Structure formats: C-alpha cells, structure tokens
Amino acid sequence: MTRLAQTAGLNDIQREILSTVRDFVDKEIIPVATQLEHRDEYPTEIVEGLKELGLFGLMIPEEYGGLGESLITYALCVEEIARGWMSVSGIINTHFIVAYMLKQHGTQEQKDTFLPRMALGEVRGAFSMSEPALGSDVSAISSKGVKDGDEYVLNGQKMWLTNGGTSTLVAVLARSDEGHPEGTAPHKSMTTFLVEKEPGFGEVRPGLTIPGKIDKMGYKGVDTTELIMDDLRVPANRVLGGTTGRGFYQMMDGVEVGRVNVAARGCGVAQRAFELGVSYAQQRHTFGKPIAQHQAIQFKLAEMATKVEAAHAMMVNAARKKDSGERNDLEAGMAKYLASEYCKEVVEDAFRIHGGYGFSKEYEIERLYREAPMLLIGEGTAEIQKMIIGRRLLEEYRFQG
C-alpha cells in the first residue's frame with residue numbers, strides 16, 4: 001500500500017516540486033516547528049528557505065518571474081507545508097491570495113509593479129477584509145475610502161490580518177461611495193485598495209498603524225494583527241483594477257481560492273496527526289502488546305485514515321475545478337467544510353491515542369490540538385460554508401413543478 005493521500009494524474013514537474021517541498025518539510029520544518037511555536041517566534045529561516053524554493057511565486061506567471069504553476073500544484077504544496085507546521089502555510093497563503101487577486105484583477109501597471117517582486121518574496125502580501133465587529137457579515141464593513149483629488153483618504157479598523165506585521169503590501173477592502181449613489185447595494189460600493197507599507201509594528205506609514213501581534217491559542221509564529229487607518233492617503237492608481245465598486249467580487253474570488261488552501265491545510269494537519277497516532281500506537285504497549293494490536297485502536301486508525309483520504313480527494317477536486325476555469329464555489333465550500341471538520345476529528349483521535357502524553361507539550365500532537373480549531377473559522381465558518389453549499393445546490397436542483 002502507498003502512503004495516504006496520493007494524487008493521481010500529476011506530471012513530472014509537479015511530482016518533482018512536491019518531492020522537494022516534502023523533503024524541505026521533513027528536514028527544515030518538522031524538527032524545529034514545536035520549539036518555535038512554543039516561543040511564538042516567526043520562522044525567519046524557514047521563510048527564507050521557501051523563498052529560495054520559489055514558493056512565493058509558485059502561481060505567479062513566468063512572465064513576472066514566477067513558476068506559473070496551477071492551483072492544484074499550489075494546494076498540494078500547502079498540504080505538505082501544513083503537515084510540517086500550519087503557521088508556515090498561513091504565511092504563504094495570504095501572500096498567494098494577494099498575488100492571485102493582482103494577477104486576475106490588477107491593471108497592467110499594478111501587475112508590472114508588484115508581481116515580479118512578489119514572486120521573489122521581496123514584496124510580501126497580506127489580505128484585509130475582516131473588522132472587529134464584522135464576523136461573517138462582509139456587507140457590514142464600515143472602513144471607508146473618500147476621494148480627494150488624485151488620492152483616497154482611508155479611515156477604519158481592520159482585524160485578523162495574517163502577515164500584518166511582516167507584509168509590505170496589504171489588499172484592504174473598504175467602502176467607497178464615490179460614483180455609487182445612496183441606496184446602492186453594499187457589495188457594489190466596496191473597493192480593494194493596495195496599501196504599501198514598511199514591515200514592523202507601530203506606525204508603519206503616515207496614517208497606518210499595526211498595533212502588535214494578537215496573542216492566540218494556536219497558529220503561533222505567524223503574526224496576526226489589527227490594522228488601523230487614520231486619514232491614510234492612498235494614490236488613486238492603487239485601486240485594484242483601477243475602478244471602484246469591484247472590491248467585493250475581487251475579494252470573494254480571492255477567498256474562493258483561499259478556501260481551497262484552507263482545505264489543503266486541514267488535509268496536511270490531519271495527515272501529520274495520523275502519522276503521529278499510528279506511530280505512537282505501535283510503540284506504546286498495554287496488556288503485553290502494542291496498543292495498535294487492540295481492536296479499539298485499529299478501528300480508530302481506520303476511521304482517521306479514511307477521513308484523511310476523503311478530505312484530500314475533495315480538496316483536489318476543488319482545486320482542479322478552479323484550474324479548469326469553471327465556477328468552484330460549491331466544491332471549495334464542501335472541501336473547506338469537510339477538511340476542517342475531519343482535521344479536528346483526526347487530531348482529537350490522535351490525541352486520544354497518545355493518552356496522558358498527548359496533554360504534554362513535549363509531544364507534537366499537543367501543538368496540533370491547538371492549531372486545528374483555527375481551520376474551523378478561517379476563510380469562513382462551517383455555517384458559512386453550509387450556506388454557500390445549500391444555495392448552490394438549490395441552483396443546481398431547482399424544482400421544476
């Protein structure tokens with residue numbers, strides 16, 4: 001039998017990329033991940049290694065210095081990285097979403113300015129949609145950009161920025177009523193602004209403050225922050241795509257591929273939890289034999305492995321659907337929902353297999369147990385995914401009475 005979660009139909013280049021990434025994860029990430037996570041330390045050396053591998057430009061077209069790979073290649077790489085440490089995959093993901101939005105929606109000048117440097121990892125992206133009182137209701141965004149000559153003046157507070165401190169380019173969603181009369185639907189009066197800044201915390205440019213890292217239960221190492229705009233001036237040529245009112249659709253396109261990424265992260269964490277559980281079950285002895293020989297543990301391992309396989313298959317399907325140019329919000333929603341839920345269950349089962357030792361910080365499964373819950377809410381909660389799935393199913397299965 002081959003290792004779990006194998007992917008059929010890959011070409012030689014894809015297999016070589018994945019082999020290189022897995023080798024990097026095994027040698028450079030897994031041995032140090034738990035130590036760095038306990039210190040909440042940014043993985044600088046790991047990130048530099050990913051830059052050398054070209055992963056920051058994996059899906060950026062070759063004409064801009066990237067590798068020009070597909071979403072399926074990217075998702076499988078994310079799966080491998082999350083298997084090593086989920087926080088590292090988060091660093092890549094938000095950068096990737098901003099690069100994807102630029103590639104799909106940016107003006108030629110915006111692409112020429114940012115994509116070559118993003119491919120090298122010199123410019124690092126962050127994605128800013130949420131706000132402190134927002135939750136899943138994107139239409140309730142209160143941050144606002146007001147036209148003032150050749151600039152927009154932005155005011156508001158954003159929340160939950162992955163890479164908020166280390167990034168140098170933030171895609172910020174805000175209201176822009178200019179050109180959109182009163183009564184316009186909220187989602188038609190939103191604009192994505194490309195905000196350049198210095199890395200770090202405090203006032204990173206006039207009118208823009210990154211207060212500091214949010215202290216989290218898990219998902220440590222990566223900097224998750226707030227963003228405060230106080231009369232922040234942004235040139236009009238930094239409106240994504242050059243036209244206001246398209247921000248909601250641009251962001252949703254980014255979130256759609258982001259959901260495939262979160263599904264891939266769930267698959268990677270679940271794979272690692274299974275590896276830890278099946279290994280420990282063969283080492284730990286009770287009643288004169290390894291616990292892996294007890295039927296109760298074998299049942300648990302069987303369930304875990306089946307969930308890993310199912311989540312991986314749905315993630316691959318969602319990525320390939322997007323690569324084909326088809327609408328994939330249904331598949332991405334299903335993959336994100338299933339992979340995050342199964343990830344939580346597989347991690348908990350591996351935790352149970354470890355018994356009391358799973359509660360000790362000396363064991364890797366303790367870290368995974370704190371990381372898995374983030375996937376339940378990242379890129380939309382399970383309830384949001386169900387709403388998307390339900391609406392799409394009703395479109396496809398409309399009653400013809």
Side-chain angles (χ1 to χ4, degrees), residues 13-14 16-33 35-37 39-71 73-103 106 110-127 161-171 194 196-200 204 210 213 219-225 254 257-258 261 264-265 268:
I13 293 175
Q14 290 173 314
E16 183 178 348
I17 290 172
L18 290 172
S19 176
T20 300
V21 171
R22 171 169 273 263
D23 187 59
F24 181 85
V25 168
D26 288 339
K27 293 178 179 178
E28 306 296 334
I29 298 183
I30 289 177
V32 300
Q35 182 182 21
L36 291 174
E37 197 270 351
R39 297 202 300 257
D40 197 7
E41 181 177 329
Y42 188 82
T44 301
E45 292 185 10
I46 292 173
V47 169
E48 289 300 313
L50 295 176
K51 284 167 65 175
E52 291 180 14
L53 292 177
L55 289 191
F56 280 91
L58 189 62
M59 279 190 66
I60 293 175
E62 293 181 6
E63 63 188 286
Y64 299 108
L67 298 180
E69 272 295 332
S70 60
L71 180 59
T73 306
Y74 177 80
L76 293 174
C77 286
V78 167
E79 183 179 40
E80 293 291 354
I81 293 169
R83 175 181 153 267
W85 185 13
M86 192 180 75
S87 293
V88 178
S89 65
I91 293 170
I92 295 287
N93 181 42
T94 47
H95 174 88
F96 152 71
I97 290 177
V98 176
Y100 173 83
M101 289 169 63
L102 273 163
K103 182 185 74 170
Q110 290 168 352
K111 294 177 185 178
D112 292 339
T113 298
F114 295 114
L115 289 181
R117 290 185 291 154
M118 294 187 81
L120 295 173
E122 293 175 357
V123 168
R124 303 264 283 283
F127 175 84
L161 275 76
T162 301
N163 289 343
T166 50
S167 61
T168 54
L169 178 67
V170 185
L194 300 172
E196 298 171 77
K197 71 176 188 66
E198 293 296 318
V204 292
I210 306 293
K213 292 172 64 173
Y219 198 42
K220 293 179 178 290
V222 60
D223 47 297
T224 305
T225 73
V257 292
N261 176 288
R265 283 196 257 178

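Here the structure is a predicted model, which is why all the values come from computation and not from measurement.
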Please output the side-chain donor-acceptor pairs of residues 46-68 that fall under 3.5 Å, not counting sequence neighbours, one pair per line with the distance.
from	atom 1	to	atom 2	distance (Å)
E48	OE2	K51	NZ	3.4
Y64	OH	Q108	NE2	2.9

Considering all heavy atoms of both residues, which atom of [X] and which atom of [Y] are nearest to each other, and what is their separation?
X    : Y    : answer
R124 : T166 : CB-O, 4.2 Å
V88  : P43  : CG2-CG, 4.2 Å
S167 : A126 : OG-CB, 3.5 Å
N93  : G258 : OD1-CA, 4.3 Å
P199 : T168 : CD-CG2, 3.8 Å
R265 : Y219 : NH1-OH, 3.1 Å

Are [X] and [Y] packed together at the side-chain level, in the sense that at least one heavy-atom pair is separated by less than 4.5 angstrom?
X    : Y    : value
F96  : V78  : no
R83  : I30  : yes
Y74  : V257 : no
F127 : T162 : no

Donor-acceptor check, side chain of [X] to backbone of [Y], threshold 3.5 angstrom: yes or no?
X    : Y    : result
K213 : D40  : yes
S89  : I81  : no
D223 : G165 : yes

>> For E69 and Q14: C-alpha separation, side-chain torsions, deciding distance, then whether side-chain contact (heavy atoms from CB on, under 4.5 Å) applies.
In response: CA-CA 9 Å; E69 272 295 332; Q14 290 173 314; 4.0 Å; yes
> Can you tell me if CD on E198 sees more than 12 non-hydrogen neighbours from other groups inside 6.0 Å?
Replying inline: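 Atom CD in E198 is not packed in, count stays at 12 or less.
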>> Are there over 12 heavy-atom neighbours, none belonging to E122, within less than 6.0 Å of that residue's CD?
In response: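 More than 12 within 6.0 Å, yes.
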Say you draw a straight line from [atom1] of [X] to [atom2] of [Y]; how long is it, rounded to the nearest 0.5 Å?
X    : Y    : atom1 : atom2 : answer
M118 : K111 : CE    : NZ    : 13.5 Å
L18  : L76  : CG    : CG    : 5.0 Å
R117 : L120 : CZ    : CG    : 10.0 Å
L169 : N163 : CG    : CG    : 11.5 Å

> Under 4.0 Å between a Lys/Arg side-chain N and an Asp/Glu carboxylate O for R22 and E80?
Replying inline: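 Salt bridge: yes.
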>> Using the rule given for side-chain contact (heavy atoms from CB on, under 4.5 Å), can you reason through L194 versus L102, listing the C-alpha separation, both sets of side-chain angles and the distance that settles it, and then say yes or no?
In response: CA-CA 9 Å; L194 300 172; L102 273 163; 3.8 Å; yes
> For V98 and F114, what are the C-alpha separation, side-chain angles and deciding distance, and is it a side-chain contact (heavy atoms from CB on, under 4.5 Å)?
Replying inline: CA-CA 10 Å; V98 176; F114 295 114; over 6 Å; no
> Given the rule in the side-chain contact (heavy atoms from CB on, under 4.5 Å) test, do V32 and E45 qualify, once you have shown the distances and angles that lead to the verdict?
Replying inline: CA-CA 11 Å; V32 300; E45 292 185 10; over 6 Å; no
